[in-house]
Amino acid sequence: IENIVWVTFALSLAYEMRLPRRPKIWYIIPGVIALTLFGFHDELHITTSHNAVSYHLNKIIQPVPSCSIYYSPGSLTQDEVDKIEGDVRWYLHDIQRRFSLQPPSEQIRIYIYPSSDVMFSLIGTRTASISKPWLGEVHIAKENIGSLKHELTHVLLREKGVFPFYVSWSTGLTEGAAMSVEPEYDGIYTLDEHAARILQLHYAKGVNEVMSFSGFAANASQKSYVLAGSFSRYLQSTYGSAPFDRVYASLDWQAAYGKSLDSLEAEWKRWLVPFMTAMDAADSEHFRYYYDRASIIFNPCLRRIGKLNREAAKAYSDSQ
């Protein structure tokens with residue numbers, strides 16, 4: 001509604017300004033409404049300010065001086081607080097070591113919501129964890145705390161990222177870097193074993209296509225994340241962090257590695273060959289469940305499916 005009001009104000013103002021006669025002031029009405037909505041953003045739940053979030057998550061701990069963790073009183077036990085503090089200290093150290101990063105110069109803020117429902121009520125997302133490298137923030141629900149290291153990687157890599165969001169312009173590199181810090185993927189198979197099975201079962205031809213934004217989104221999300229993560233891990237373990245940091249910002253593979261993306265992809269595929277062992281039926285089903293699927297952008301709209309189902313049920317009922 002607010003966006004519609006702003007557009008109405010802008011179009012009406014432009015319309016009046018282009019006329020040679022003296023403009024009428026009726027366009028002020030949508031302008032006043034738009035400014036009123038803007039002034040009550042938080043109260044109307046259009047946006048959520050830091051003060052609003054901090055009001056609910058008002059307990060603060062600092063595992064290191066450059067990082068603060070905000071959580072709701074009573075939502076974490078002392079054992080959980082101690083574990084999170086220790087984990088965050090290790091995460092920060094390990095990520096900095098892997099990518100040869102400097103200690104953060106700006107404060108990092110981690111907001112841990114007591115539940116996904118509370119997170120939804122405050123910032124409008126229920127299941128997704130959010131990192132904001134340009135602000136140095138991570139927003140995560142307590143039940144999703146296992147992905148905290150992934151999100152922290154995005155924030156710490158702001159040092160190598162590109163304005164305005166301080167990430168790579170390649171979604172594959174942005175997400176691949178974050179995936180690469182967790183080689184033990186699901187507790188059963190490693191990240192590289194997952195990537196090898198994707199290629200072995202012909203669910204993907206390689207990683208080249210997921211290095212672009214459109215290619216990353218055009219594949220099932222889990223497939224893109226795993227391929228990009230395994231490839232990023234290979235690049236770091238083989239060539240070190242320096243060229244990866246350069247390509248993260250520049251996207252110039254030849255300048256960073258002295259090789260094309262195609263050549264690096266071929267090396268990575270050969271590296272995965274030892275993981276392509278024989279599979280039994282259970283293994284095949286395990287990987288088929290995760291990766292034999294299309295991207296969400298190619299799936300039919302769920303609202304349209306629901307509408308068609310209702311129309312079909314009504315038509316069937318009317319025909320009886």
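Treat the numbers as computed from the prediction; the structure is a model and nothing was measured.
Here CD1 of I123 is found 7.5 Å from OG1 of T48. Values are rounded to the nearest 0.5 Å. Summarising the geometry, atom CD1 belonging to I46 is positioned 5.0 Å from atom CG belonging to L37; distances are rounded to the nearest 0.5 Å. Summarising the geometry, atom CZ belonging to F244 is positioned 5.0 Å from atom CD belonging to Q236; distances are rounded to the nearest 0.5 Å. One distance of note links NZ of K205 with CG of L227; it measures 14.0 Å at 0.5 Å rounding. In this structure, CH2 on W6 lies 15.5 Å from CD1 on I1, to the nearest 0.5 angstrom. Atom CD in E106 sits 11.0 Å away from atom OG in S66 (nearest 0.5 Å).
Between the side chains of Y189 and D283, at least one donor N or O lies within less than 3.5 Å of an accepting N or O. Residues S68 and Q62 have side chains that bring a donor and an acceptor to within less than 3.5 angstrom of each other. Side-chain contact, Y257 with E267: no donor N or O sits under 3.5 Å from an acceptor N or O.
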Determine whether Y71 and I61 satisfy the following criterion, side-chain contact (heavy atoms from CB on, under 4.5 Å), listing intermediate values before the conclusion.
CA-CA 9 Å; Y71 65 98; I61 53 175; 4.1 Å; yes
For side-chain contact (heavy atoms from CB on, under 4.5 Å), just list the numbers for K59 and L76, CA-CA rounded to whole Å, side-chain angles, deciding distance to a tenth of an Å, and then say yes or no.
CA-CA 10 Å; K59 292 284 287 184; L76 298 173; over 6 Å; no
Determine whether R288 and E285 satisfy the following criterion, salt bridge (Lys or Arg N to Asp or Glu O under 4.0 Å), listing intermediate values before the conclusion.
CA-CA 5 Å; R288 186 169 75 86; E285 286 299 309; 3.0 Å; yes
Starting from the C-alpha separation in whole Å, work towards a yes-or-no answer on ring pair (Phe, Tyr, Trp, His ring centres under 6.0 Å) for H194 and Y291.
CA-CA 10 Å; H194 274 265; Y291 305 118; 5.8 Å; yes
Let's go through Y248 and V167 carefully: what are the C-alpha distance in whole Å and the side-chain angles of both, what is the deciding distance for side-chain contact (heavy atoms from CB on, under 4.5 Å) to 0.1 Å, and is it a yes or a no?
CA-CA 8 Å; Y248 188 83; V167 295; 4.1 Å; yes
Give the intermediate values and the outcome of side-chain contact (heavy atoms from CB on, under 4.5 Å) for residues Y203 and D292.
CA-CA 6 Å; Y203 294 144; D292 189 14; 3.7 Å; yes
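The side-chain heavy atoms of I110 and V155, taken from C-beta on, include no pair separated by under 4.5 Å. Residues V32 and L35 are not in side-chain contact: their nearest non-hydrogen atoms beyond the backbone lie 4.5 Å or more apart. You'll find the side chain of E159 stays beyond 4.5 Å of the side chain of F99, heavy atoms only. Inter-residue side-chain proximity for L57 and P114 is flagged as met; some heavy-atom pair is nearer than 4.5 Å. By the 4.5 Å heavy-atom criterion applied to side chains, L122 and Y111 are not counted as neighbours. In this structure the side chain of H139 reaches within 4.5 angstrom of the side chain of M119, judged on heavy atoms. Within the 4.5 Å cutoff, the side chain of P30 has heavy atoms near those of the S12 side chain. Side-chain contact between F216 and T174: absent, with no pair of heavy atoms (C-beta onward) separated by less than 4.5 Å.
Within the 3.5 Å criterion, the main-chain N or O of A313 finds no donor-acceptor partner in the side chain of S317. Using modelled atom types, one side-chain atom of S170 and one backbone atom of L173 make a donor-acceptor pair closer than 3.5 Å. Within the 3.5 Å criterion, the main-chain N or O of H150 finds no donor-acceptor partner in the side chain of E182. Checking side-chain atoms of R158 against main-chain N and O of Y166 turns up no donor-acceptor pair under 3.5 Å. With hydrogens and angles ignored, the 3.5 Å screen pairs no side-chain donor or acceptor of K223 with any backbone N or O of A204. E137 contributes no side-chain N or O that, together with a main-chain N or O of R109, makes up a donor-acceptor pair within less than 3.5 Å. Judged purely by atom type and a 3.5 angstrom limit, S232 uses its side chain to pair as donor or acceptor with the backbone of A228. Judged by distance alone, with hydrogens and angles left aside, the side-chain atoms of S224 form no donor-acceptor pair with the main-chain N or O of S221 at under 3.5 Å. Remark: side-chain polar atoms of Q254 are paired, donor with acceptor, to backbone N or O of G258 under 3.5 angstrom. Of the possible polar contacts, one joining the Q96 side chain to the L92 backbone as a donor-acceptor pair under 3.5 Å is found.
Scanning both residues, S75 and S72, for their nearest heavy atoms gives OG-O, 2.6 Å. The heavy-atom pair separating M279 from L201 by the smallest distance is CE-CD2, 3.5 Å. The minimum heavy-atom distance linking W169 with V162 is given by the pair NE1-CG1, 3.2 Å. In this structure, I140 and I145 approach most closely via the heavy-atom pair CD1-CA, 3.8 Å. Closest heavy-atom contact between S230 and L272: OG-CD2, 3.8 Å. Annotation for V226 and A195: closest pair CG1-N, 3.6 Å, computed over non-hydrogen atoms.
Under 4.0 Å is where a charged nitrogen must lie from a carboxylate oxygen, and between K314 and D318 at least one such pair does.
R197 pairs by the side chain to side chain donor-acceptor pair (under 3.5 Å) definition with Q200, T277, not counting sequence neighbours.
By the neighbour-count criterion of 12 heavy atoms within 6.0 Å, atom CD1 of I28 is densely surrounded, having more than that number from other residues, nucleotides or ligands.
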Please tabulate, for side-chain N and O atoms in residues 125-134, each donor-acceptor pair with protein atoms closer than 3.5 Å (sequence neighbours left out).
{"from": "R126", "atom 1": "NE", "to": "D117", "atom 2": "OD1", "distance (Å)": "3.1"}
{"from": "S129", "atom 1": "OG", "to": "S147", "atom 2": "OG", "distance (Å)": "3.4"}
{"from": "S131", "atom 1": "OG", "to": "E151", "atom 2": "OE1", "distance (Å)": "3.2"}

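When hydrophobic clusters are built by joining Ile, Leu, Val, Met, Phe, Trp and Tyr residues whose side-chain heavy atoms come closer than 4.5 Å, directly or via intermediates, L148 is not grouped with I60. Grouping the Ile, Leu, Val, Met, Phe, Trp and Tyr side chains by contacts below 4.5 angstrom, directly or via other members, places F275 with Y234. A continuous path of hydrophobic side-chain contacts links L101 to W90 [ILVMFWY only; heavy atoms under 4.5 Å]. Under the 4.5 Å side-chain heavy-atom criterion for ILVMFWY residues, no single connected hydrophobic cluster contains both Y113 and I108. Residues L11 and I4 are members of separate hydrophobic clusters, defined by side-chain heavy-atom contacts under 4.5 angstrom among Ile, Leu, Val, Met, Phe, Trp and Tyr.
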